[in-house]
*Asks:* 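Okay, here's the structure, questions in a sec.
All residue numbers in this chain count up from 1 along the given sequence.
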Amino acid sequence: MTAKPSALFVCVHNAGRSQMAAGWLTHLAGDRVEVRSAGSAPGGQINPIAVAAMAEVGIDLTGQAPKILTVDAVEASDVVITMGCGDACPIFPGKRYEDWKLDDPAGQGIDAVRPIRDEIRARVDRLLAELLPAGA
């Protein structure tokens with residue numbers, strides 16, 4: 001890993017899960033981790049229910065927009081977390097990949113998105129502990 005670890009969160013539309021994960025990691029790590037998110041087929045906007053769910057916990061995603069997944073983003077990241085993008089993510093030897101199986105918030109109401117948000121938080125907490133071990 002580089003001096004400043006980096007993580008890339010990838011889902012199909014980069015409109016829900018990956019944006020929530022990037023929001024959590026940015027919120028929890030501050031400038032200690034470089035955070036990216038992207039989609040294999042980005043949507044037109046972030047899911048407004050995902051934005052609302054994150055706002056409930058004090059994280060503002062309104063300034064974010066779906067971005068296309070690029071080879072450069074994968075190459076520049078220490079850890080690549082996929083969330084239902086299948087084989088669309090390029091694989092590079094030596095990169096750490098994880099696939100997080102999470103429900104898709106698309107088309108769901110706020111009551112269904114809150115548990116997804118909370119599960120993402122728990123996974124980001126674990127990832128952050130690995131990226132920034134205590135005393136490191």
Side-chain angles (χ1 to χ4, degrees):
M1 262 191 267
T2 58
K4 182 176 183 175
S6 59
L8 169 63
F9 297 99
V10 182
C11 64
V12 175
H13 299 297
N14 189 222
R17 294 166 288 190
S18 58
Q19 289 284 354
M20 288 191 289
W24 273 122
L25 186 55
T26 300
H27 177 76
L28 296 168
D31 63 359
R32 298 176 299 157
V33 176
E34 190 170 339
V35 181
R36 300 177 182 89
S37 71
S40 54
Q45 68 176 20
I46 296 183
N47 178 334
I49 302 301
V51 171
M54 293 301 283
E56 289 180 347
V57 294
I59 300 173
D60 182 7
L61 296 182
T62 58
Q64 300 300 316
K67 296 168 282 304
I68 186 73
L69 176 64
T70 65
V71 170
D72 290 344
V74 176
E75 285 184 315
S77 300
D78 296 311
V79 181
V80 179
I81 309 290
T82 58
M83 304 171 185
C85 67
D87 296 330
C89 191
I91 303 294
F92 292 96
K95 291 284 171 201
R96 175 177 158 196
Y97 292 88
E98 290 184 23
D99 185 44
W100 291 359
K101 305 243 184 285
L102 297 161
D103 291 335
D104 189 347
Q108 304 289 331
I110 191 80
D111 290 334
V113 173
R114 284 184 188 117
I116 300 168
R117 174 200 66 202
D118 297 343
E119 174 65 19
I120 291 171
R121 162 72 194 255
R123 290 173 186 238
V124 166
D125 281 339
R126 289 190 294 274
L127 176 65
L128 186 56
E130 294 168 5
L131 292 175
L132 299 173

*Asks:* Rounded to the nearest 0.5 Å, what's the gap from OG1 on T82 to CG on D99? Could you check?
*Replies:*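 Result: 3.5 Å between the selected atoms.
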*Asks:* Verify the neighbour count for atom CG of D104: are there more than 12 heavy atoms of other residues, nucleotides or ligands below 6.0 Å?
*Replies:*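 Atom CG in D104 is crowded, with more than 12 foreign heavy atoms closer than 6.0 Å.
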*Asks:* Quick one: does S6's side chain have a donor or acceptor within less than 3.5 Å of a partner on D78's backbone?
*Replies:*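 Answer holds: yes.
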*Asks:* In the structure I gave you, are the side-chain heavy atoms of P66 and H13 within less than 4.5 Å of one another anywhere?
*Replies:*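 With C-beta onward as the side chain, the pair stays apart.
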*Asks:* So, E119 and R121, do they make that salt bridge, N to O below 4.0 Å?
*Replies:*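 Looking at E119 and R121, the cut-off is not met.
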*Asks:* Keeping K95 on the side-chain end and E75 on the backbone end, is there a donor-acceptor pair under 3.5 Å?
*Replies:*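 Yes, the answer is positive, given that a donor and an acceptor are paired below the 3.5 Å cut-off.
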*Asks:* At their closest point, which heavy atom of A15 faces which heavy atom of A50, and how far apart are they?
*Replies:*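 Shortest heavy-atom separation between A15 and A50 comes out as O-CB, 4.3 Å.
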*Asks:* Can you find a heavy atom in the side chain of V79 that is under 4.5 Å from one in the side chain of F9?
*Replies:*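 They are not in side-chain contact.
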*Asks:* Report the C-alpha separation of V12 and S40 in whole Å, then their side-chain angles, then the decisive distance to 0.1 Å, and conclude whether the side chain to side chain contact (heavy atoms under 4.5 Å, CB included) test is met.
*Replies:* CA-CA 5 Å; V12 175; S40 54; 4.0 Å; yes
*Asks:* Counting N and O atoms only, with roles assigned by atom type, does the side chain of K101 sit under 3.5 Å from a partner on the main chain of M83, one being a donor and the other an acceptor?
*Replies:*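 No.
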*Asks:* Could you note down all residue pairs passing salt bridge (charged side-chain N to carboxylate O under 4.0 Å, His left out) where residues 44-62 supplies at least one of them, sequence neighbours left out?
*Replies:*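 Passing the test, one end in residues 44-62: E56-R114, E56-R117.
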*Asks:* Donor-acceptor pair, distance only, cut-off 3.5 Å: does the side chain of S77 make one with the backbone of V80?
*Replies:*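 Absent.
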*Asks:* What's the separation between atom CG in N14 and atom CG in N47, rounded to the nearest 0.5 Å?
*Replies:*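 That separation rounds to 12.0 Å.
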*Asks:* For the side chain of R123 and the backbone of I120, is there at least one donor-acceptor N/O pair under 3.5 Å apart?
*Replies:*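 Pair absent, no side-chain N/O of R123 close to backbone of I120.
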*Asks:* Run the side chain to side chain contact (heavy atoms under 4.5 Å, CB included) test on W24 and V57 for me, step by step, so that the C-alpha distance in whole Å, both residues' side-chain angles and the decisive distance to 0.1 Å come before the verdict.
*Replies:* CA-CA 10 Å; W24 273 122; V57 294; 3.6 Å; yes
*Asks:* Pick from R17, R96, E98: which one makes a side-chain contact (heavy atoms from CB on, under 4.5 Å) with I81?
*Replies:*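 That would be E98.
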*Asks:* Looking only at heavy atoms, what is the nearest atom pair of D111 and P115, with distance?
*Replies:*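 Where D111 meets P115 most closely, the heavy atoms are O-CD, 3.2 Å.
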*Asks:* Using the side chain to side chain contact (heavy atoms under 4.5 Å, CB included) criterion, which residues pair with Q64? Sequence neighbours excluded.
*Replies:*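 For Q64, the residues satisfying side chain to side chain contact (heavy atoms under 4.5 Å, CB included) (neighbours in sequence not counted) are Q19, I46, L61, K67.
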*Asks:* Any side-chain heavy atom of L128 sitting closer than 4.5 Å to one from L25?
*Replies:*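 Sidechains of L25 and L128: in contact.
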*Asks:* Could you state the interatomic distance from CH2 (W100) to SG (C11), rounded to the nearest 0.5 Å?
*Replies:*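 With rounding to 0.5 Å, CH2 (W100) is 12.0 Å from SG (C11).
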*Asks:* Compare all side-chain heavy atoms of L69 with those of L8 and state whether any distance is below 4.5 angstrom.
*Replies:*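 L69 reaches L8 side chain to side chain.
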*Asks:* First locate atom CG of L132, then atom CG of L28, and finally report the distance between them rounded to the nearest 0.5 Å.
*Replies:*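 Rounded to the nearest 0.5 Å, the CG-CG separation comes out at 10.5 Å.
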*Asks:* Heavy-atom distance under 4.5 Å between the side chains of P42 and I68, does that happen here?
*Replies:*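 Yes. Closest side-chain heavy atoms under 4.5 Å.
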*Asks:* What are the two closest heavy atoms between V113 and P105, and how far apart are they?
*Replies:*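 Nearest pair, atom of V113 first, then P105: CG2-CB, 3.7 Å.
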